[in-house]
Amino acid sequence: MTMDGVDPSLPHRVGVLGGGRMGAGIAHAFLMSGSDVVVVERDDDAAAGALDRVASAVAKSVERGLAAGAEPLLARLRVSTDYADFADRGLVVEAVPEIWDLKVSSLRAVEERLEASAILASNTSSLTISGLAAELQRPENFLGLHFFNPVPASTLIEVVIAKQTLPWLVDAARGWVAALGKTAVVVNDAPGFASSRLGVAIALEAMRMVEEGVASAEDIDNAMVLGYKHPTGPLRTTDIVGLDVRLGIAEYLESTLGERFAAPQILRDKVARGELGRKSGKGFFDWD
Ligand SMILES: NC(=O)c1ccc[n+]([C@@H]2O[C@H](COP(=O)([O-])OP(=O)(O)OC[C@H]3O[C@@H](n4cnc5c(N)ncnc54)[C@H](O)[C@@H]3O)[C@@H](O)[C@H]2O)c1
């Protein structure tokens, strides 16, 4: 860290494409570490929403005593609707919705505006990083930076390396993650990376155990919480993530990694009944 709070290992000028839940959190993380941040949104309304989200994250950091005041941070933030604002950025992190065609078209549109040496990253939680890289002009300058939700409270970032990624970028990305005050897990691009693949594998087995009547959801979760010190059991985590979201990931992992990720019938039945977990009031547990 230098005297002005800037970590020299971070790119000085960072861009974030899409200022939704994740993009706003990512922008906040870079602002807190001293970078100058541009967030680009799809239209003026979305830009106003993005600005609100980043400003409220900054306000919370000030309340918690993690930043001296909001103004110096917000002075380093610009929110716009113009991709040309990425032209002077050393790193741009894409955080638009998880739709393949949208990711490809947005990443290409950003890349067109970047200097040849700039690095482009995606915050995708499931799409193939090597596949996205193959759609770009400079695939070697591309990697995955998978932040977790909510970004300020999560200390993990998965650094996902495509087949094409320049080797030095791995160490550079580790440095950026450390400068953001988080811990990097480096993963070679593979479906579900490390976190979703393992998390979903445990959850699917837990569901099969409920289905077979091995134990109650409560007891299965307690086995992992008390026996293995998981902060939350796999079924409660599934309720929090959303059963529909987990079903989508299981289907994707089954199609890429094989039958061991096939969704148990109990998961399909619950989703069909609208028992989606916390957001619907019922999943493997009652949330009322
Ligand atoms: N929400 C999570 O828990 C979570 C966790 C890790 C990773 N992710 C990944 O992060 C990405 C974003 O997810 P999110 O939850 O923040 O979504 P979100 O819907 O909250 O935000 C997406 C933002 O992108 C903007 N956008 C859409 N099209 C755009 C375009 N063409 N140009 C610029 N901006 C555009 C939208 O206006 C919106 O603000 C996805 O790839 C998702 O898989 C999400």
Side-chain angles (χ1 to χ4, degrees), residues 15-30 37-57 77-86 89 92-114 120-129 131-132 135 142-160 177 180 182 184-185 187 189 191-197 199-200 232 237-249 251-253 276-279:
V16 179
L17 181 70
R21 193 186 323 190
M22 295 306 291
I26 294 166
H28 167 259
F30 280 102
V37 179
V38 166
V39 177
V40 174
E41 260 292 353
R42 61 181 166 178
D43 58 36
D44 289 340
D45 281 352
L51 180 58
D52 276 356
R53 279 185 286 279
V54 181
S56 101
L77 171 70
R78 194 150 40 100
V79 181
S80 96
T81 55
D82 189 354
Y83 282 50
D85 285 340
F86 287 141
R89 304 287 108 178
V92 174
V93 183
E94 165 278 311
V96 300
E98 194 82 339
I99 303 164
W100 176 264
D101 289 347
L102 175 63
K103 293 274 191 203
V104 170
S105 60
S106 325
L107 287 167
R108 283 181 174 162
V110 175
E111 189 187 37
E112 264 176 35
R113 269 79 172 192
L114 293 179
L120 186 52
S122 175
N123 184 50
T124 177
S125 27
S126 66
L127 301 174
T128 150
I129 295 296
L132 289 172
E135 302 286 340
F142 182 70
L143 78 167
L145 286 180
H146 183 208
F147 290 73
F148 286 71
N149 181 30
V151 180
S154 167
T155 53
L156 174 63
I157 298 177
E158 274 183 305
V159 173
V160 187
V177 171
L180 292 172
K182 302 191 189 283
V185 167
V187 189
D189 184 35
F193 310 143
S195 56
S196 297
R197 181 166 168 174
V200 168
T232 315
T237 303
T238 299
D239 273 13
I240 293 167
V241 171
L243 274 65
D244 51 337
V245 174
R246 283 233 143 148
L247 176 58
I249 299 172
E251 286 175 340
Y252 170 68
L253 292 179
L276 305 181
R278 185 168 65 178
K279 63 189 168 193

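Ligands are counted one by one from 1 in listed order, and the atoms in each one are counted from 1 as well.
- Distance remark: protein heavy atom not present below 4.0 angstrom from atom 17 (O) of ligand 1.
- Looking only at protein heavy atoms, the nearest one to atom 41 (O) of ligand 1 is Glu98 OE1, 2.5 Å.
- The two residues Tyr252 and Pro191 make their nearest non-hydrogen contact at CE2-CB, 4.1 Å.
- The structure places OG of Ser196 at 5.5 Å from NE2 of His146, a figure rounded to the nearest 0.5 Å.
- Residue-to-ligand polar distances place Met22 within reach of ligand 1: an N/O pair is separated by less than 3.5 Å.
- The shortest N or O to N or O distance between Glu94 and ligand 1 is not under 3.5 Å.
- If you number the atoms of ligand 1 from 1 as listed, the ones under 4.0 Å from a heavy atom of Ser125 come out as 7 (C), 8 (N), 9 (C), 42 (C), 43 (O).
- Not a single heavy atom of Ala50 sits less than 4.0 Å from an atom of ligand 1.
- Listed by atom number, the atoms of ligand 1 under 4.0 Å from His146 heavy atoms are 6 (C), 7 (C).
- Against a heavy-atom cut-off of under 4.0 Å, Thr124 is close to the following atoms of ligand 1: 41 (O).
- Residue Ser154 holds its OG atom at 8.5 Å from CG of Asn149, rounded to the nearest 0.5 Å.
- Nearest residue to atom 25 (C) of ligand 1 from Arg21, Glu41, Arg42 is Glu41 (criterion: closest heavy atom).
- A side-chain donor-acceptor contact under 3.5 Å links Asp85 and Ser80.
- Screening Val96, Val151, Val93 for a side chain to side chain contact (heavy atoms under 4.5 Å, CB included) with Met22, the sole residue that qualifies is Val151.
- Here the protein heavy atom with the shortest distance to atom 21 (O) of ligand 1 is Gly20 CA, 3.2 Å.
- One option in Val96, Val245, Asn149 has a heavy atom closer to atom 35 (C) of ligand 1 than any other, and that option is Val96.
- In terms of protein heavy-atom proximity, atom 30 (C) of ligand 1 is closest to Tyr83 OH, 3.5 Å.
- Every atom of ligand 1 is numbered from 1 in the order shown, and the set under 4.0 Å from a heavy atom of Gly18 is 24 (O), 25 (C), 34 (N).
- Scanning all protein heavy atoms for the shortest distance to atom 6 (C) of ligand 1 gives Phe147 O, 3.2 Å.
- The nearest pair of heavy atoms linking Phe148 to Glu158 is CZ-OE1, 3.7 Å.
- Only backbone heavy atoms of Val40 (N, CA, C or O) come within less than 4.0 Å of ligand 1; its side chain stays farther off.
- With Ser195, Ser154, Ala24, Ala95 as candidates, the residue nearest to atom 22 (C) of ligand 1 on a non-hydrogen basis is Ala95.
- Listed here is the closest heavy atom pair of Ile129 and Phe142: O-CE2, 3.6 Å.
- When each atom of ligand 1 is checked for a heavy atom of Ala46 under 4.0 Å away, the hits are 37 (O).
- For atom 10 (O) of ligand 1, the nearest protein heavy atom (residue, atom name, distance) is Asn123 ND2, 3.0 Å.
- Between Leu17 and Val110, the shortest heavy-atom contact is CD2-CG2, 3.8 Å.
- Counting heavy atoms from C-beta outward, Ser122 and Leu145 have side chains that stay 4.5 Å or more apart.
- Proximity of a side-chain donor or acceptor of Arg113 to a complementary backbone N or O of Ala109 within less than 3.5 Å is detected.
- The distance from atom CG of Leu77 to atom CG of Leu51, rounded to the nearest 0.5 Å, is 6.0 Å.
- Between Val79 and Ala50, the shortest heavy-atom contact is CG1-CB, 4.3 Å.
- One option in Gly23, Gly25, Pro97, Ser105 has a heavy atom closer to atom 24 (O) of ligand 1 than any other, and that option is Pro97.
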